[in-house]
Structure formats: structure tokens, C-alpha cells
Protein chains: 2
Amino acid sequence: MKIGDLAKRTGITAHTIRYYERIGLLPHAHRDGSGRRDYGEDSVVWIGFLSRLKTTGMPIRDMLRYARLRAQGDSTGPARAALLSEHRDRVRAHLAELQSALTVLDTKIAGYGETEGTDPNDADSNDTDTHTTTDPTGTRHGRHGRD
Amino acid sequence: MKIGDLAKRTGITAHTIRYYERIGLLPHAHRDGSGRRDYGEDSVVWIGFLSRLKTTGMPIRDMLRYARLRAQGDSTGPARAALLSEHRDRVRAHLAELQSALTVLDTKIAGYGETEGTDPNDADSNDTDTHTTTDPTGTRHGRHGRD
DNA sequence: TCTTGACTTAGAGTTCGCTCAAAGCCCTAG
DNA sequence: CTAGGGCTTTGAGCGAACTCTAAGTCAAGA
């Protein structure tokens, strides 16, 4: 298939596909008689996987590392597994953060909902949350600000 | 407290705090006798909340909308609730995507793990989540909506 | 046949969210 | 008193990930 078709199939633009090829995320595409890129189903699959990695927040430089390992063949299996495994850990951690933040949002939205005239949840008091995962410095002992 | 203290308390740099003030995410700070920014606990709380929004992927321009509503006072409660509610929907959607991607990662890592010498999961076949039986979301591949 | 639209390239431009530099002022510990 | 570190400002710079432009080639449908 041509680059435009692949773009439609994968949801990324042809520009981005060429960009990915340029930086090494995609192998150099085969060309048809007239010098145009010609793709197979495997490209759809590979880009689909890259998109998943992207969704989960993997930076391009890490996708590149993975892609290079993949290009090196079967012997890199363990290295690829390790790379994905580390990434999975990060994704899990982020997931937990998101879930925690979600409950904060729930609380806050609920706070806005009740008693419309007054505000038991003023901008600040309602901003206060049970601090969960994200502990920037770790140095925060005194938690003031009403919980 | 001074800007450096606030930075330590919140985990963002003093540079970023000034940047946030510049773009309107933080109100203009009160100054002490010598013209330096002086913060109270409320700043810690507010930045904490902003950090959570950031964690959940809210772009700065949306935080700005929220901050401006907040600055306008209590009457904007419903608008703020709506803003957060829409954001919550997006976060929930993203959360679902992440969870789905996680199971893909699990499958793939497991694939690399089994039968160390050979590889039933060669670069492509294992990259494929095509007809991977475990289809968590039920999302048929082929067209994932673009992010 | 003609025209339209998809394709090609190299390289420049954009957006986001910081991050730093430079030059100078001033608080505080020693 | 002095040195050092933290603060001030404006404005420039940066890395990530695209995104688009320009100028040109070419294939295929009306």
C-alpha cells in the first residue's frame, strides 16, 4: 500500500510516517517502480505498536532503542523484554497517580456541586487534597492546609 | 515564605514558579519589604493542585482557564466544575487506554520470556497485537482514533 | 490529453513547557 | 565589614515531536 493508505490505516499522517522513517523508528520503506514507498501489513502492525508505546508515554528515544534492538534480530529478545518491562513499571506507576488524581477530581467536583450559593469548598479549601503518590521532595512533614 | 522555600515545598523550581506567575497561573505574589516574593500556605496548596492537573495531562491553557475562573470568584463555581468534569472524562478515557496498553505490554513481555533459546515471538509476530486473543478493551485494531 | 492530486526531497517552522543567562540588588552568616 | 548566596528582571534558548513549505515528479481518472 502507499503512504497515504498507511496513514489512513494507522491514524498518523504521511508526514509523520516519513519523519519516523527519517529518525529510524521505521525501516526504510521499499519503493515501487516509480520510487514511491510501498508498505505491507507488517507496517500497520508495527506502527500500531509504536502508537501504543506513545500512548503510554514512552519517549521517542526509547522507542528508537527498542526499534534498533528489534532490527538487530532475535538475540535481542531479553534486552527488548527488559526495556518493555521497565516501561511497564513506569506505566503502572503513572496509572496509580492518575487514579489518585481522579479521586481528587471527584471530590473537588462534588464539592462544587453541593450548596451552590455558598461555598463550603472555596478555591483553596477545595484545592486541598489528600496528598497521595506524588511526593516531590519527600521533605514535607508538616501538612497544613485543612485536609 | 520565600520563593526558594516554596520551590522546595512544591517540588517545582523557582524558575517555574516565576514562569507560572508570568503566564497567569499564579496570582502576582505579595512582596516583602525588600521587594521579594512572599508566599503563604495557600500557594503550596494551589501549586499542589496545579501539579495534579498537570499529572493528569491538562494543558497549561486549560489550567489558565481554570485559574482565571477561580480569580473571578465564587460565582464561577459551576463553570469550574464543568471544566474539571470534562477533564475528568478525558482522564478516565486515557486511563482506560493505559490499562489496555498495559495488558498488551504484559502479553508481549510474556512472549519474550517463554522459550529463551528460540523465539515463537519474533520481532513482528510478537509486535503484533493483531489477533492477540486477549483483547482487553475489545478494541478492534485497524483504527484507533488518533490521540 | 489534460489535469488533479498523491507522491518525492530537504529543510524550515511551530507548539509546549519549561530552563537558563546576564546583570544587578540585597539579606545574612561569619 | 565582607563575601556569598538568594533574590530580581527581561529575554533568549532548548528539546521533544511533530508539521509544514517549496519545488518538483509522476500516475491515473475524466
Side-chain angles (χ1 to χ4, degrees), chain A residues 1-40 43 46-68 87 90 94 134 136-137, chain B residues 1-40 43 46-67 87 90 94 144-147:
Chain A
M1 82 195 82
K2 301 221 204 85
I3 196 170
D5 304 319
L6 182 60
K8 267 165 212 139
R9 293 278 304 274
T10 58
I12 71 178
T13 70
H15 278 309
T16 302
I17 292 172
R18 285 191 210 100
Y19 164 68
Y20 279 0
E21 179 180 324
R22 204 157 57 193
I23 65 175
L25 262 192
L26 297 176
H28 289 296
H30 300 130
R31 302 307 177 108
D32 66 11
S34 58
R36 296 178 177 192
R37 289 173 179 82
D38 196 15
Y39 297 95
S43 295
W46 175 237
I47 291 176
F49 183 62
L50 289 179
S51 294
R52 284 237 186 226
L53 291 182
K54 185 185 151 193
T55 292
T56 53
M58 182 184 281
I60 280 187
R61 65 178 167 283
D62 288 353
M63 296 190 210
L64 255 178
R65 296 208 295 126
Y66 184 84
R68 281 194 283 254
H87 179 58
R90 284 188 293 268
H94 184 54
T134 319
T137 53
Chain B
M1 83 194 81
K2 302 223 204 83
I3 196 171
D5 303 320
L6 181 60
K8 268 165 209 139
R9 293 279 303 276
T10 58
I12 69 178
T13 70
H15 279 309
T16 301
I17 292 172
R18 287 190 209 99
Y19 164 68
Y20 279 0
E21 178 179 324
R22 205 156 56 194
I23 65 175
L25 263 191
L26 296 177
H28 290 295
H30 301 129
R31 303 305 179 110
D32 66 10
S34 58
R36 297 181 175 191
R37 290 173 180 82
D38 197 14
Y39 298 94
S43 295
W46 175 236
I47 291 178
F49 184 62
L50 289 179
S51 295
R52 256 187 212 274
L53 291 181
K54 185 184 150 192
T55 292
T56 54
M58 182 183 280
I60 281 186
R61 66 176 165 283
D62 287 353
M63 296 191 211
L64 257 178
R65 296 207 296 128
Y66 185 84
H87 179 59
R90 285 187 293 268
H94 184 55
H144 330 263
R146 191 61 222 96
D147 310 351

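Computed over heavy atoms, backbone and side chain alike; hydrogens, waters and symmetry mates excluded. Letters A, B, ... mirror the listed sequences (proteins, then strands); counts begin at 1. Everything numeric here is computed off the predicted structure, so don't read it as measured data.
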Next on the checklist: Is there a side-chain contact between Arg36(B) and the phosphate of dC27(C), meaning an N or O under 4.0 Å from OP1 or OP2?
Outcome noted: no
Item to check | OP1 or OP2 of dC27(C) under 4.0 Å from side-chain N/O of Ser34(B) | outcome: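 Affirmative; the distance criterion is met.
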Atom-pair distance ([atom1] on [X]; [atom2] on [N]), nearest Å:
X: Lys2(A); N: dC26(D); atom1: NZ; atom2: P; value: 14 Å
X: Arg31(A); N: dT25(D); atom1: CZ; atom2: P; value: 16 Å
X: Leu64(A); N: dC18(D); atom1: CG; atom2: P; value: 12 Å
X: Asp5(B); N: dG6(D); atom1: CG; atom2: C1'; value: 10 Å
X: Ile17(B); N: dT9(D); atom1: CD1; atom2: P; value: 13 Å
X: Glu21(B); N: dG17(C); atom1: CD; atom2: P; value: 19 Å
X: Ile60(A); N: dA17(D); atom1: CD1; atom2: C1'; value: 5 Å
X: Met58(A); N: dA16(D); atom1: CE; atom2: C1'; value: 16 Å

Please classify the nucleic acid contact of [X] as base, sugar-phosphate, or nothing, using heavy-atom distances under 4.0 Å.
X: Arg18(B); result: base
X: Arg22(B); result: base
X: Ile3(A); result: sugar-phosphate

Next on the checklist: Determine whether a donor-acceptor pair (N or O, by modelled atom type, separation under 3.5 Å) exists between the side chain of Asp38(B) and the backbone of Met1(B).
Outcome noted: yes
Next on the checklist: So which atom in His94(B) and which in Thr55(A) form the shortest heavy-atom distance, rounded to 0.1 Å?
Outcome noted: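 Looking at all heavy atoms of both residues, the closest pair is CE1-O, 3.4 Å.
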